[in-house]
Amino acid sequence: MSKVATRFAPSPTGPLHIGGVRTALFNWLFTKSQGGDFYLRIEDTDKERSKDEYKDQIIKSLKWIGIEYDGDEYIQSKKIDNHIKVANELLKNGYAYKCYCSNDEIEEQKKRAKQKKIPYIYNRKWRDKEESAAPKNIEPVIRFKSKIEGSTILKDLVQGDVQIENNTIEDFIILRNDGSPTYNLSAAIDDQQMKVTHIIRGDDHKINTFKQMQIYLAMKWELPYFAHIPLIHTTEGKKLSKRDKASTLDDYSKIGIMPEALRNYLLRLGWSFKDKEIFTLDESIKHFNLEGIGKSPSKLDISRILSMNEHYIKNISENDLFDRFNNYCKNYKEKIETNKEDKIKKSLSFLKNKAKSLEDIYNNSKYIIFDEVSFDENDLKLIDNKAKTIIKDFYDEISKQEEINKNILEPIINSLIKKHETNFKGVGQPLRIALTGSKFGPGIYDIIISLGKLDIEKRLSKIVK
RNA sequence: GGUCCCUUCGUCUAUCGGUUAGGACACAUGGUUUUCAUCCAUGAAAGAGGGGUUCGAUUCCCCUAGGGACCGCCA
């Protein structure tokens with residue numbers, strides 16, 4: 001077979017969710033590992049439901065996670081003339097036929113099948129009928145003349161050999177009565193036109209494959225390889241759908257998940273390479289293969305995503321992390337003032353140690369980002385009179401200092417503990433609340449040093465009055 | 001209901017006939033730490049059930065159970 005080519009073919013009828021992204025990722029990784037081409041095909045033949053905003057969202061999502069497609073995106077609706085041409089050719093060669101059943105007639109059959117609890121399958125009424133028997137007032141649909149005898153084996157690269165009786169595949173419609181092509185026709189033709197060698201997609205398409213294979217065969221085209229990957233399930237064990245919460249990339253981006261973390265997580269969801277958990281981009285490309293894909297569906301686990309994210313937060317450079325964080329704040333929170341940038345940058349070394357997400361960093365650095373500290377009622381109660389005198393003493397000591405560093409701070413704190421006959425918490429907690437408005441956060445030394453003398457005096461003076 | 005697929009710790013998974021069934025996340029406990037964390041150590045935690053095949057099955061086969069996907073003039 002020629003140069004490897006794969007494609008990701010979403011329909012722009014809703015936002016791309018994380019399951020689709022994984023499918024795209026697997027296609028892309030496989031292609032890159034084979035030195036092939038990866039294409040994006042927008043399947044927008046459903047005029048009613050296809051929206052440009054979804055197309056844009058799909059492209060944006062792929063870009064965000066670092067998947068690049070070769071060439072321009074292939075817009076399926078621009079190719080329907082060709083699809084119709086092929087349909088007519090199939091018709092001419094006896095692989096398809098016109099079906100004059102009315103909608104009502106079909107609906108009636110479906111209803112009856114449901115009542116009798118037998119599977120509905122189109123009864124092939126017009127398969128061998130003479131054209132002359134056609135009613136005048138009905139625009140026909142074109143159906144593919146599906147095989148009735150025998151069985152077909154799909155040699156699936158993930159699922160192994162899947163055998164199905166041919167008569168379970170109905171004479172599916174390839175051209176609607178308005179003359180427009182349907183999915184199975186368009187997809188098969190475009191895959192062939194684009195010279196796609198490996199079709200890697202969700203296993204919800206498995207039955208479609210048997211239909212599309214027949215089109216390939218009827219047109220005497222060389223069959224591509226197929227690989228059907230198991231779907232991602234929600235925690236409840238159901239197929240991930242566009243309606244699910246936390247399913248789009250933006251849902252993850254806005255809680256501060258970084259693209260490489262999600263990419264790494266998605267890679268390991270349903271695919272493995274020995275015991276390896278962390279994959280750089282190059283390693284993913286190097287090691288990815290179809291053999292490593294499992295056959296059972298896997299569930300989404302947010303705590304693993306978070307922990308993967310934590311790993312990347314701790315392992316990328318602080319400059320890089322700052323840029324991400326800066327961007328994150330701009331997009332989803334409060335833009336960081338230029339004069340705060342340096343303080344944040346310097347504080348990243350300790351901020352990142354307690355963060356699983358960029359949002360965590362944001363929450364822990366609010367005391368730097370905002371000049372005004374907002375207090376929680378209950379926290380404020382913890383600053384009693386004794387605490388106030390401690391803060392006052394601390395304030396006085398700080399005022400005497402030229403600059404503040406750990407060497408200066410340590411003896412001050414220690415002497416306060418001694419003087420007030422308390423422990424570290426007795427000093428640290430009120431100070432923390434006074435300076436940040438929160439009981440939690442970075443170490444108190446880190447807070448004090450990162451704030452600097454001026455800010456400390458400003459904040460403490462409000463408490464001490 | 002029909003067709004097809006799946007089934008190892010709670011979760012993601014390793015194992016390609018012989019392992020004390022391994023790792024990661026989460027969880028629990030202890031240590032470090034000045035809160036919360038980080039970090040370190042330790043622990044609990046799995047082959048759905050039943051039959052075969054085999055000297056030996058998590059691994060191969062069958063049945064049962066459970067779960068999932070598909071069953072559109074959607075893609």
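Order of the sequence lines sets the chain letters (A, B, ...), proteins ahead of strands, with each chain counted from 1. Below, all heavy atoms of this structure are taken into account, side chains as well, without hydrogens, waters or symmetry copies.
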Once you apply a heavy-atom cut-off of 4.0 Å, does [X] come out as touching a base, just sugar-phosphate, or nothing?
{"X": "A:K276", "value": "nothing"}
{"X": "A:L231", "value": "sugar-phosphate"}
{"X": "A:S307", "value": "sugar-phosphate"}
{"X": "A:T45", "value": "sugar-phosphate"}
{"X": "A:H233", "value": "sugar-phosphate"}
{"X": "A:N208", "value": "base"}
{"X": "A:N103", "value": "base"}
{"X": "A:K439", "value": "base"}
{"X": "A:G270", "value": "sugar-phosphate"}
{"X": "A:Y120", "value": "sugar-phosphate"}

Open item on the list: Does a side-chain N or O of A:K239 approach OP1 or OP2 of B:C70 to a distance below 4.0 Å, or not?
Closed with: yes
TODO: Compare every heavy atom of A:I189 with every heavy atom of A:V86, then report the nearest pair and how far apart it is.
DONE: CB-CD1, 3.4 Å
- [ ] Would you kindly say whether A:N309 and A:S357 are connected by a side-chain donor-acceptor distance under 3.5 Å?
- [x]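 No, because no side-chain N or O of A:N309 sits under 3.5 Å from a partner of the opposite role on A:S357.
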Open item on the list: Going by centres under 5.5 angstrom and planes under 30 degrees, do the aromatic ring of A:F440 and the base ring of B:C36 stack?
Closed with: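 So no, this residue does not stack on that base, at least one cut-off failing.
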Task: NZ/NE/NH1/NH2 to OD/OE distance under 4.0 Å, A:K295 and A:D203 - done: no
Open item on the list: Under a 3.5 Å distance rule, please check whether A:R432 uses its side chain to pair with a backbone N or O of A:K425 as donor and acceptor.
Closed with: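 No; judged by distance alone, with no hydrogens or angles, the pair does not exist.
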